[in-house]
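Here the structure is laid out as structure tokens; the discussion comes afterwards.
In what follows, chains are A, B, ... by sequence order, proteins preceding strands, each numbered from 1.
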Amino acid sequence: MPRKNYFYTTTKSLKFMSKEITSQEENYSEWYLDIVKKAQLADNSKVKGCMVIKPYGFAIWEKMRDELDRQFKATGHQNAYFPLFIPKSFLSKEAAHVDGFAKECAVVTHHRLKVGADGKSVVVDETAKLEEELIVRPTSETIIWDTYKDWIKSYRDLPLLINQWANVVRWELRTRLFLRTTEFLWQEGHTAHATEAEAIAEARQMLDIYADFARDFMAMPVYKGTKTPNERFAGADDTYTIEALMQDGKALQAGTSHFLGQNFAKAFEVTFLNENNKNEYVWATSWGVSTRLMGALIMSHSDNEGLVLPPKLAPIQVVIIPIPKPDEAIDAKVAEISQALRKKGITVKYDNDTKTRPGFKFAEYEMRGVPVRLALGARDLQNGTIEIARRDTKEKKSVSLENIADYVENLLVEIQDNLYQKASQRLKDRTHTVNTWEEFVDVVENKGGFAYAYWDGTTETEVKIKNLTQATARCMPWDLEVAEGTKTCILTGAPATQRVLFAKAY
RNA sequence: CGGGGUUUGGCGCAGUUGGUAGCGCACCUGGUUUGGGACCAGGGGGUCGCAGGUUCGAGUCCUGUAACCCCGACCA
């Protein structure tokens, strides 16, 4: 008689019971979702495609936001706030713009609910129909330019350098936590300038800020470049982008900056009197990064044990764990260490919870990506040592308590640097200069990463390449030097002037 | 918009031919433990997504319906 198995466990339940996560190799997409959930960054909400950003996840976003905000202000921008709702008619004023966004707009049609016929439910009050329907902003160019029209009269009003932190809604068909959600948080800068050159310089400057931020804070190397016309923002003359590479070999557009030419100025009649008393249209830019950066951050550094965070964006940089549990002597020493660390501006958490044991805490903070862990027990106190573990390499060793703050400070710098070096090496290794179609296909289908290839400059060819391989033109990079090769299009063999980075992308 | 999946305690799940709901984690109480996810004993907590129907009886069968997730076509 077969023994009855009392312990039915599916793979999934076992996974959660043991608090393990799906490995990248097994299923990259599930690995990503596991990290988002188990590091407690965000949850799905009951609203399709929308997410709840949890405190730990939001703390990371706040660090990104604060640093970017600081840099925006340092370059002369001011924050303002424009409405969530945009009159429907505004969107249609710029032809390319409406084409780009019309398919994914949420529309407000009524302004009142009433109790339904059953006396319990709530229904839309049909008598409360809006005269003009409102759309929930997918981006704010239109309402902002309609406002700028009143703000800008003279060259003395320029440049106008405004940023706003806001939520926007794009009704996407397919969503993924942080990477593409129906509602997301972002900043959008909108500037007006007297000259074309100045606007272009502004757009480039902001892309530089994004790229530097990615490098210096996210430890994420990116390619800066110009989008092909086909990939341009709807309503822009030029779109600049930073493109990052995720660990699965797919590219991720991490931020964009647009030179809008005079398109919105003309659509919304935004003119200024120049020094010669002549009316001119202003030149415009817009630029933004979103909570998508969270996804980029997660997929840049994390491993099969969980989240890995660069120290500069970690809400907790150092966690101290008493071994086996807090006591007076340990508490006193920890207070001393914490104070020394805080004096250096390091964020420290002392986990003196007595309900969980050290092993549990170790695993938990690894899952959540805390860069440095200190463990202090009686043995350490006796020897004047402390155990220090780094999340990025998982190295663990015992070091002297003397100058521990200096040691940790240096280690945090080293971790930040190591993460960047590793990501840079990966980007380098997975950027392939290709000169034949066979090589191109090999990169896209087998190797993963970027294929840097000549392209004849036509949208037709770009679309063909996408249909054949799923690879899209990510950008024409600004500073990626390679051997020239034959200047013919990878697909058509037609004369080409410019190489383009192609990749499968998020 | 297609294809698949899920919906049962706070979380993750099981529930056989319909017979009055269970397991792990978490939580509460007590005790023993403690240098890598502790253990024992006791305890609290669920009108099984929603609406109908079949039946003496429905988590289970039937018919609707809703929500969310995942995989593909559009997009930051």
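- With sequence neighbours excluded, no residue forms a salt bridge (Lys or Arg N to Asp or Glu O under 4.0 Å) with A/D331.
- Atom CD in A/E104 sits about 16 Å away from atom P in B/C1, given to the nearest Å.
- For residues 224-244 of chain A, the pairs satisfying ring pair (Phe, Tyr, Trp, His ring centres under 6.0 Å) are A/H97-A/F233, A/F101-A/F233, A/F233-A/H258, A/Y240-A/W478, with sequence neighbours left out.
- Of all the residues in residues 286-299 of chain A, A/S290, A/R292 reach under 4.0 Å from RNA chain B with at least one non-hydrogen atom.
- Residues passing the side chain to side chain donor-acceptor pair (under 3.5 Å) test with A/T393, sequence neighbours excluded: A/R390, A/E395.
- Sorted pairs that involve residues 171-181 of chain A and meet side-chain hydrogen bond (donor to acceptor under 3.5 Å, both in side chains), not counting sequence neighbours, are lacking altogether.
- Scored by the salt bridge (Lys or Arg N to Asp or Glu O under 4.0 Å) test, A/K93 finds no partners at all (sequence neighbours excluded).
- With A/E366 as reference, A/R373 is the one residue of A/R391, A/R373, A/K394 to meet the side-chain hydrogen bond (donor to acceptor under 3.5 Å, both in side chains) rule.
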Identify the pairs formed between an N or O of the protein and an N or O of nucleotides 65-70 of chain B at a distance under 3.5 Å, and give each distance.
residue : atom : partner : partner atom : Å
B/C68   : OP1  : A/K46   : O            : 3.4
B/C68   : OP1  : A/K48   : N            : 2.6
B/C69   : OP1  : A/G49   : N            : 3.3

Per-nucleotide protein contact string for nucleotides 27-36 of chain B, where B marks a base within reach and S marks sugar-phosphate only (heavy atoms under 4.0 Å, - for neither) | ------BBBB
Find every protein N or O atom lying less than 3.5 Å from an N or O atom of nucleotides 40-49 of chain B, and list the pairs.
none

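- Remark: A/E231 pairs with no residue by the salt bridge (Lys or Arg N to Asp or Glu O under 4.0 Å) rule, at least two apart or across chains.
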When Watson-Crick pairs (N1 to N3 and N6-O4 or O6-N4) and G-U wobble pairs (N1-O2 and O6-N3) count only below 3.5 Å on both distances, what is the dot-bracket string of RNA chain B, with | for other-strand pairs?
-> (((((((..((((.....[..)))).((((((.....)))))).....(((((..]....))))))))))))....
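- Annotation: salt bridge (Lys or Arg N to Asp or Glu O under 4.0 Å) contacts of A/K361 (sequence neighbours excluded): A/D351.
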